J.: 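This is the structure, below, for whatever I ask next.
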Amino acid sequence: MDVIINILRVTFEEGLMYAIMALGVYITYTILDFPDLSVDGTMPLGAIVSALLIIKSFNPWLSLIAAFVCGALAGSLTGVLHVKFNIRPLLCGILVYTSLLSINMVLLMAGTGGFSIATFFKLPTVFDSGIASLIPERIAGVQIRTLVISLLLVILCKILLDLFLKTKTGLLLRATGNNEQFVTMLSRDPGTSKILGLSLGNGFAAVAGAVIAQSKGSADTQMGVGMVVLGLASVIIGLSVFKNIKLLKATTMVIFGSILYKACLSLALALGLPTQYLKLLMAVIFTIALVLSGKLKLAGKKAK
């Protein structure tokens, strides 16, 4: 029983943490229809920035803001490459991701004195300082603090994103993804909205990286491998599985999608799947999600 509870706890913890990144992917992929591969670079960027700041005795909560800013700057570069230099979206993401491979390594080596991993196991994090210190670490022998903080963080990100999407700027962002010509007719620049959307999306990815790094007590450049697949799968699963529940907003569906995706991975590992096959399983689940999503859309069109 304890094993099952522990698996469920870890699944929800990780699902909520990765849901922050999935919210960012939702902005770029669903709202803007922009296949952004730079997420694989901005997520570890946020983790490394947060880790190095904590090592330098910086407030762990404020390090999340710093991670967001760094991720947003990288995302805006992706947008500038596309909007100002007319480079295809896929190539823009590849260029920025490739650049971040070197930038992240340089930051990490410079901040740790030549080490390829930043560790801060005994230093304060968002899970044991500030508001977290007011939450009991265990209830009935079950660790709940990390779960509660993860839940609070993802709810905060969701609320802020929902509020932003209701503003004039947010509505313009949505309009840009749906119909650029309409935005141009309103005498607005759709390129500016694209850059803003990519900045926000990668900012969320960087925050997710920072939160995950703080939960593990370490950060490295390999944290972002496969994150685009994870984020896209979470978005597609969430919007496909929960789309008929009218009371749920799209952002809530994405969060549930992330938890469901992590649950599939946790179940596979619990059933004895070797860890070396984990990335393959991620790709398989993503493929299934794409196929089912396509069939559901086709069925919806026929029903109309």
Side-chain angles (χ1 to χ4, degrees), residues 18-46 71-101 104 161 165 170 172-181 183 190-209 223-240 243 250-251 253-254 257-258 261 279-280 282-298:
Y18 284 104
I20 300 174
M21 179 196 63
L23 289 173
V25 174
Y26 167 73
I27 298 173
T28 56
Y29 177 74
T30 304
I31 295 180
L32 285 179
D33 193 21
F34 191 105
D36 182 23
L37 297 183
S38 55
V39 170
D40 276 9
T42 52
M43 185 180 177
L45 173 64
L73 289 174
S76 65
L77 177 58
T78 304
V80 168
L81 289 174
H82 173 62
V83 173
K84 302 300 182 182
F85 298 97
N86 296 317
I87 301 176
R88 293 181 181 181
L90 198 62
L91 294 178
C92 292
I94 292 174
L95 288 172
V96 172
Y97 166 61
T98 304
S99 301
L100 287 175
L101 288 175
N104 290 341
L161 179 56
L165 292 176
L172 192 63
L173 180 67
R174 291 187 176 193
T176 300
N178 290 328
N179 192 335
E180 288 189 34
Q181 293 183 347
V183 176
T192 302
S193 294
K194 286 186 177 182
I195 294 173
L196 176 60
L198 288 164
S199 297
L200 291 175
N202 284 279
F204 275 111
V207 171
M223 290 179 61
V225 176
M227 289 303 103
V228 170
V229 172
L230 192 154
L232 287 174
S234 299
V235 171
I236 293 171
I237 290 172
L239 297 180
S240 299
K243 71 173 185 177
T251 49
M253 296 180 192
V254 169
S258 176
Y261 182 71
K279 297 298 182 183
L280 176 60
M282 291 173 63
V284 171
I285 295 175
F286 182 41
T287 303
I288 294 173
L290 284 173
V291 173
L292 293 179
S293 176
K295 288 185 177 181
L296 288 174
K297 286 182 179 179
L298 183 60

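What you see is a predicted model; the values in this text were computed from it and never measured.
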J.: For a quick test of reading the model, state the closest non-hydrogen atom pair linking G41 to L100 and the distance between them.
T.: C-CD1, 3.4 Å
J.: Quick check: do L230 and M227 have side-chain heavy atoms less than 4.5 Å from each other?
T.: yes
J.: Got D36 and V96 here, is their nearest side-chain heavy-atom distance under 4.5 Å?
T.: no
J.: Are F286 and V228 close enough that some pair of their side-chain heavy atoms sits under 4.5 Å apart?
T.: no
J.: In the structure I gave you, are the side-chain heavy atoms of D40 and L37 within less than 4.5 Å of one another anywhere?
T.: no
J.: First locate atom CG of L23, then atom OG1 of T251, and finally report the distance between them rounded to the nearest 0.5 Å.
T.: 6.5 Å
J.: Quick one: does K279's side chain have a donor or acceptor within less than 3.5 Å of a partner on V225's backbone?
T.: yes
J.: For N202 and T78, test the side chains for any donor-to-acceptor distance below 3.5 angstrom and give the result as yes or no.
T.: no
J.: How long is the gap from OG1 on T192 to CG on L172, to the nearest 0.5 Å?
T.: 8.5 Å
J.: If you take all heavy atoms of T176 and L32, which pair is closest and at what distance?
T.: CG2-CD2, 4.3 Å
J.: Measuring from H82:NE2 to L90:CG, what's the distance to the nearest 0.5 Å?
T.: 11.5 Å
J.: Looking only at heavy atoms, what is the nearest atom pair of S258 and S234, with distance?
T.: CA-OG, 3.4 Å
J.: How close do L198 and G75 get, counting heavy atoms only, and between which atoms?
T.: CB-O, 3.5 Å
J.: Atom CG in D33, atom CG in N178: separation rounded to 0.5 Å?
T.: 9.5 Å
J.: Side chain to side chain contact (heavy atoms under 4.5 Å, CB included) for L81 and L91? Distances and angles first, verdict last.
T.: CA-CA 9 Å; L81 289 174; L91 294 178; over 6 Å; no
J.: Grab the two heavy atoms, one from N104 and one from P44, that are nearest each other, plus how far apart they are.
T.: ND2-CG, 3.7 Å
J.: Looking at side-chain heavy atoms only, is the closest gap between T30 and V254 below 4.5 Å?
T.: no
J.: Which residue, V39, T28, T42, L161, forms the side-chain contact (heavy atoms from CB on, under 4.5 Å) with F204?
T.: L161
J.: Return the CE to NZ distance between M253 and K243, rounded to the nearest 0.5 Å.
T.: 9.5 Å
J.: Looking at every heavy atom in both Y26 and V235, which two are closest together, and how far apart are they?
T.: N-CG2, 3.8 Å
J.: In Å, rounded to the nearest 0.5 Å, how long is the span from OG of S199 to CG of L77?
T.: 9.5 Å
